[in-house]
Amino acid sequence: MTSTSPTPAVTLDSSGGRALFAQVDALRAAGPAVRVRLPGDITAWAVTRGDVAKVLLTHDDVSKDARKSWPSHTPGSIPWLYPWVDVVSMFTSDGTDHQRLRRLVDRAFTPARIEAMRPAIHAIVTGLLDRLETLAAGPVDLRANFSYPIPTEVICDLFGVPADQRPEMLRVIDSVLTTDVTPQQAEAIKRDLDQAMQALIDTKRSHPGEDMTSLLLAAHEEDGDRLSHTELISTLILMIGAGSETAVALINAAVRELLAHPDQLTTVLADPARWSDVIDEALRLHPPIMYMPLRYATADIDLGDSVVIRQGDAIIIGFGAHGRDPEIHQNPEAFRIDRDDKQHLAFGYGIHYCLGARLAKLEAEEALPALFERFPQLTLTGDVTNLEPQRSFIGTDVTALPVALHPTP
């Protein structure tokens, strides 16, 4: 893909952690949009200023549909893009196609239905805490044993993933976020994704239930024009993937910050209504998703400062950059639950706002108070600034969260 700008593209950092946030700061300072290079030698415009991101996320000349709006791309030619660009779901569609595909799943995510899931989430949290007590004698990876199982179990229950299929399903869903893979590894991930979703569909075809996969399969079999086989596979990839990663990172971030700020932990424990402040501040400061590939200009877009995104150019929005933008937040790198303005784009903006946002918050609402009530002496066992990050420019989570539980008798 070509651009009229003579400035060489900056390689987007896939090492994660502090390096990723530092690069975001540099890109923000460099202009309203900066040309970056993604794996597969893709050039895109990175947008890391909060005000510009909001403009483009609701712009009439910005599309999510690569099939119609990214002429330089051949679907399947760059394997790592498959789950982000080449799938055919509401995530990669515009207009009436987006509305049609979103309607098929949005009934499962109404406020009333999400709230009705609270008892089941509470039971999952309680069971995990009971298990943690049996491990409390030594250091424990809280991510592996608590924050990760909560949303993954919830989403697998919602979509009816059988117990024997869950390990492979979650392994391949997790692998999608790693952006420093080789083309061969990316091709294997694409193959394994399709196989995992097809295995689930085959199971539900022979043993349907009241789960979302069975409902989507019924819609496909009743009317293939309403939901094609490709759209069915793509929707499962989207919903099972998006339904887990955000909440895992959110719980991990909130735990880290509360342990690093015991005064704020004391405040929220004394006033449980403040947990919503903790959650929003954690989402602002530690956005689970930094960049979300991709969007495309359907006409020239002049952003000022001599930056023009040309028709057909790819755009990658820095959703996670918004919450740390110093033009929006004072002292943006400080964790403060008393902050008046905690606005963020952790769940997107505009018509593609995440359907599962309320579910992710509900999972954190159940997990965090219960964790600190059960283990009031919880402490980190390592340096919070030196935790291993996901190797990704998409996800921002850590790979492990070592803690000492010190349960009370």
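- Residue-environment remark: CG (Asn331) exceeds the threshold of 12 foreign heavy atoms within 6.0 Å.
- The closest donor-acceptor contact from the side chain of Ser214 to the backbone of Gly209 lies under 3.5 Å.
- When atom types are taken as modelled, the side chain of Thr182 and the backbone of Gln185 share a donor-acceptor pair closer than 3.5 angstrom.
- Ion pair Asp305/Arg49 flagged as a salt bridge, since at least one NZ, NE, NH1 or NH2 atom sits closer than 4.0 Å to an Asp/Glu carboxylate oxygen.
- Every salt bridge (Lys or Arg N to Asp or Glu O under 4.0 Å) that Asp180 has, sequence neighbours left out, goes to Arg391.
- For Phe146, the ring pair (Phe, Tyr, Trp, His ring centres under 6.0 Å) test picks out no residue, with sequence neighbours left out.
- Because its NZ or CZ atom is not both nearer than 6.0 Å to the ring centre of Tyr296 and within 45° of the ring axis, Lys64 does not count as a cation-pi partner of that residue.
- Counting heavy atoms from C-beta on, the side chains of Glu257 and Arg336 never come closer than 4.5 Å.
- A salt bridge links Glu366 with Arg118: at least one charged nitrogen is closer than 4.0 Å to a carboxylate oxygen.
- Among all heavy-atom pairs drawn from Pro71 and Gly312, the shortest one is CD-CA, 4.0 Å.
- Across Ile317 and Ile315, no two heavy atoms sit closer than the pair CD1-CG2, 3.9 Å.
- The pair Asp211-Lys204 meets the salt-bridge criterion, with a side-chain N (NZ, NE, NH1 or NH2) lying under 4.0 Å from an Asp/Glu carboxylate O.
- A salt bridge is defined here as a Lys NZ or Arg NE, NH1 or NH2 lying under 4.0 Å from an Asp or Glu carboxylate O, and Glu365 with Arg358 meets this definition.
- A salt bridge is absent between Arg310 and Asp313: the closest approach of a Lys/Arg side-chain nitrogen to an acidic carboxylate oxygen does not fall below 4.0 angstrom.
- Of the possible polar contacts, none joining the Thr126 side chain to the Ala123 backbone as a donor-acceptor pair under 3.5 Å is found.
- Here the closest non-hydrogen pair linking Val47 and Ala53 is CG1-N, 3.6 Å.
- Between the side chain of Thr235 and the backbone N or O of Leu232, no donor-acceptor pair lies under 3.5 Å.
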Review item, side-chain donor-acceptor pairs of residues 348-357, under 3.5 Å, at least two apart:
| from | atom 1 | to | atom 2 | distance (Å) |
| --- | --- | --- | --- | --- |
| His352 | ND1 | Met90 | O | 3.4 |
| His352 | NE2 | Ser93 | O | 3.4 |

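- Asp25 and Arg28 are joined by a salt bridge, as a carboxylate oxygen and a charged side-chain nitrogen come within less than 4.0 angstrom of each other.
- Look at Asp341 and Arg284 and you find no salt bridge, because none of the NZ, NE, NH1 or NH2 atoms lies under 4.0 Å from a carboxylate O.
- The backbone N or O of Val87 sits less than 3.5 Å from a side-chain atom of Thr92, completing a donor-acceptor pair.
- Under the 4.0 Å criterion applied to side-chain N and carboxylate O atoms, Arg67 and Asp65 are assigned as salt-bridge partners.
- Side-chain contact between Leu170 and Cys156 is present, with at least one heavy-atom pair separated by less than 4.5 Å.
- The side-chain heavy atoms of Lys342 and His329, taken from C-beta on, include no pair separated by under 4.5 Å.
- With contacts defined as side-chain heavy-atom distances shorter than 4.5 Å, the pair Leu200/Pro162 qualifies.
- Counting only heavy atoms from C-beta outward, the side chains of Ile301 and Trp45 never approach each other to under 4.5 Å.
- The residues Asp94 and Lys68 are annotated as not salt-bridged, no charged nitrogen and carboxylate oxygen being separated by less than 4.0 angstrom.
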Inset, instruction - Determine, step by step, whether Asp13 and Arg18 satisfy the salt bridge (charged side-chain N to carboxylate O under 4.0 Å, His left out) criterion, reporting the C-alpha distance in whole Å, the side-chain angles of both residues, the deciding distance to 0.1 Å, and the verdict. - result: CA-CA 10 Å; Asp13 195 305; Arg18 286 175 289 177; over 6 Å; no

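- Heavy atoms only, all atoms of each residue included: Ser147 and Asn252 are closest at OG-OD1, 2.6 Å.
- For Glu231 and Arg226, the salt-bridge test fails: no basic side-chain N is under 4.0 Å from an acidic carboxylate O.
- Between Asp277 and Arg339 there is no salt bridge, since no side-chain nitrogen of the basic residue lies less than 4.0 Å from a carboxylate oxygen of the acidic one.
- Contact record, Leu250 with Ala360: CD2-O, 4.0 Å, taken as the closest heavy-atom pair.
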